[in-house]
Amino acid sequence: MTYQSKTDWKYDDIVTEQDLNRIESGIQEAHTELNKYPSVPITLNSGLQIITANRDTPLKVTNIQGRTLINLLGRDGNFYNTANWSSYAGSIEANNNTATITGNGTAVNPQIWINHVGPAPALGDRYLLRATMRSRSPLCTNLRLYLWSSTTEKLGEGYQANPVLDKEYDIGSLLTVTQDVIDNWNSLSFRLVAHFATAEDSINEAVDFSKAMLIKIPYADGDLPVSELLEKYPFVDCLQNINAVYIEDKGGNLLPPFIEWEVYGAKSEIIEPYSVRLTTTGNDQKIQYFVKAIPKEKYTFSSSTGFYDIEEYSINRKWIRKRHIADTGDSELTFIVSEDAYYIRISSTILSGSSTKTYSNPMLTINSEPQTFQSQRKSYLYLPTCQLAANLDGSVVDRMYLDNEGKPRVVRQFRRMELTGGMKWWINKASGNLVDYKEVALGIPSPKQENVGVIVKFNGKILNKKPDNVLPEGPDVCTISTIYNNVYITIANSDSGWGPDYEPTQDEIKAYFYGWKMAIAGDVRTSIYNGEGQRSWIKSTMINNPAPLASGDYTGVLPTSPAGTDSQGNSYAPYLLQYQLADPIDEPLEHEGNLVLYEGVNKVEVGAGIVVREKANAGEGLTTWAINNKNVAGTLLKYRTDVIKNVYKNEIYDKTWVLNYDPINSYGNQLAYVKKNLGLYDLSGVYQVTYLALDTYKIGITPTEISAEYAYNLRGTVDSLVEGNKNALARITVLENETAMKEQPQWIAPTLLNRWVNHYNTADNNAGYRINSIGKVEIVGLISGGLTSTGTRIFKLPEGFRPKYNKNFTVWSRETENHPPKITRIVVSGTEAGRGAGDVAFIFGGSPELTPANGWVSLDGIEFPVND
């Protein structure tokens, strides 16, 4: 209760017991706010949750424990292709990580299956089977998955009866291992099945399967309902840990300023952050924003002006239902989100075909109480590379914590490594003369125990283990050795291309781990080289692909770099090793942001898949400069995008970019662009993008829960802020001292070419370059008198001072003091430019307007990171 003061006391006023109780209550309230109390612990769960706070206060994440999930189907469960899948009563094809079976009318149950289901289990082990299924046929009666062999029939069956047309279902089931399962393990197949009432009903009818997974779970989790298991064990296509974690809090208004909304067709003019003027010429032109919804939660929408549609959408943005709010000013609508909604879309709607309207102060809140308009307040914490692992039963875990300065750190029990061709591999000759396979070895740092860990093959298959100092008995077997601190891996000749009598060189072993298979030139791609004929190398992803080989899919020269993506769009994934360290290590975590709980209702989201400040290459389209546009070469980001959070120019948030939901033209769901005619794109700028990946399973999994805390009272909040400010000042002081103590590098005078000389004016700098204290190359100076044709070199930067890619800059030049300055463009050629690497030269000459003047040219302001 807020204290109510009385400040008009008179000399002869009577003090009542109510007055004294009110005064004492005020004193008690003040003591409650000023006494020292422990922080309030809370648990954040994966997904969306609501937290109500009585004031603005820092939210501290105190503990995240690691976790590891392994899909025993490997990458075959993600249907990059169907080479290892078989079909019955229908034909199968794979597209966009989805397998489609089309019935042929020979049976009521068209199905697909795969035979390898991982290492043998122990009695009592528990497994979760899961897959996403969608019927594209109104005649399909049910969808099923199970393990099957001719001896055991169906094991661990899960099903969905009467599937709704085109609706995706996550179907799961639980299997407890019995002796029959162990006896028949090697003959079991993982099956995905569609059922029809009659065989004839299945003719030309299609069903989609995706995200298939078989995973061993801790015994205790086998008592959970399957619905909870599906949430706790999300799909992964290989081995994955907690990684790329984000925690975001939006307090109060869930709608951001209009600059972050998507604009379709209409011309938008931002008047104020929450006021926009829209001019339209058609009926389907709007500005809109999608908010993730909490099902069954009550929301209130209000606005000062404008007619809005409030609609609910599914996870893939399929429309569910609509509500309207009228154009009456200060209008309000309270509604409860339906159970099947994933998004709420707020969009402007202009009723007439051509009109201009102003939309102001939209606000969406989680409650039903009328509120005064407020801007969105948000905070976040990103942990993009935390990589928190555990053993499979969760008894040994990596642990993230906050140090005394409030910065995230991790105690690592595990090391995760990609096994690539850049490592020092060798043939293990101690294994003897192996006929159908070879054993290779690699040194690793300090494993804790023999075979405590896992190795995943390039196709996602989990390698079986053998004890140390025991001869291997087949391919795809490994040993994590504590005797020698090595890993040993056996490789089938059919995978490597090495013949029985051929001993590969170290560089040829490296080529294999870069994703290349050796073959005989002119022979079939599955051929084995045994010392005769001309060697060639084929990308491993194309060995079992029936598509013809394109020129980049093979080479006659020993490869010394990763195979990358083949002509069919498939990328080689390296072997992966995860093992427990002999001694834990404690190290800082890369992070960005700080969390705050705001007074009132907070919607906090915990998830995975955040990519922080990835370098972006903008490309020039017909009317825009674009990022992540499939139609503009070289602009795609590393992962398919779900939501682009921010675009940065030279590490500063750049609000000029339009972020547009466009699943047709983007790599994923969203792209960014600026219109060329606005002149907002900086050719010399370094652009970065922070975004959420669509395929989160490729990056990491979400923690099931996160421990956090916030201050109990006002004193706790102030103490937390003071402590944070003290730590920040300490870090800044250290940084300032280190910077002050650094000796700035000397300027280096280049050898000027093509008649260019220093402009000998005592007030001007001579030409020079250096690498500054933050690792960037700077170029300065005033030069004159040289040649100005396109491509003319001014000087050449030596190795160590060059960018990786060409950098373009705008400078000034002038003929004489009687002539106006001219805009002049200079390129610094990157190391990828070949023989011209390091050239500092003119570009875009050839016309009076663009030809540089040689009275003087200023090189001041040219700056770029080395090797960037």
Counting only heavy atoms from other residues, nucleotides and ligands, does the tally under 6.0 Å from [atom1] of [X] exceed 12?
{"X": "N96", "atom1": "CG", "result": "no"}
{"X": "K698", "atom1": "NZ", "result": "yes"}
{"X": "K675", "atom1": "NZ", "result": "no"}
{"X": "E587", "atom1": "CD", "result": "yes"}
{"X": "K655", "atom1": "NZ", "result": "no"}
{"X": "K630", "atom1": "NZ", "result": "yes"}

Any chance the side chains of [X] and [Y] put a donor and an acceptor closer than 3.5 Å?
{"X": "T358", "Y": "T305", "value": "no"}
{"X": "D553", "Y": "S567", "value": "yes"}
{"X": "Y691", "Y": "E614", "value": "yes"}
{"X": "S666", "Y": "N628", "value": "no"}
{"X": "E605", "Y": "Y246", "value": "yes"}
{"X": "N772", "Y": "E778", "value": "yes"}

With sequence neighbours left out, write down each residue that passes salt bridge (Lys or Arg N to Asp or Glu O under 4.0 Å) with [X], or none if nothing qualifies.
{"X": "K645", "answer": "E248"}
{"X": "R793", "answer": "D839"}
{"X": "E620", "answer": "K676"}

salt_bridge([X], [Y]) N-O dist < 4.0 Å:
{"X": "D695", "Y": "R640", "value": "yes"}
{"X": "D249", "Y": "R377", "value": "no"}
{"X": "E590", "Y": "R409", "value": "no"}

Inset, instruction - Anything under 30° is parallel, anything over 60° is perpendicular, the rest tilted; go ahead and classify Y769 against F795. - result: parallel

Between [X] and [Y], is NZ or CZ placed under 6.0 angstrom from the six-membered ring centre and within 45° of the ring axis?
{"X": "R317", "Y": "F290", "value": "yes"}
{"X": "R770", "Y": "W747", "value": "yes"}
{"X": "R613", "Y": "Y648", "value": "yes"}

Inset, instruction - Using the test side chain to side chain contact (heavy atoms under 4.5 Å, CB included), find all partners of P562 that sit at least two apart in sequence or belong to another chain. - result: Y514

Inset, instruction - Not counting sequence neighbours, which residues clear side chain to side chain donor-acceptor pair (under 3.5 Å) with N665? List them please. - result: N631, D662

Legend entry - Inter- and intrachain pairs under ring pair (Phe, Tyr, Trp, His ring centres under 6.0 Å), touching residues 664-689, at least two apart: W625-Y681, W657-Y687, Y681-Y687

Legend entry - Gap separating the OG atom of S813 from the CG atom of L859, nearest 0.5 angstrom: 10.5 Å

Inset, instruction - Please name the residue in the list S375, S360, S303 that meets the side chain to side chain contact (heavy atoms under 4.5 Å, CB included) test with Y274. - result: S375

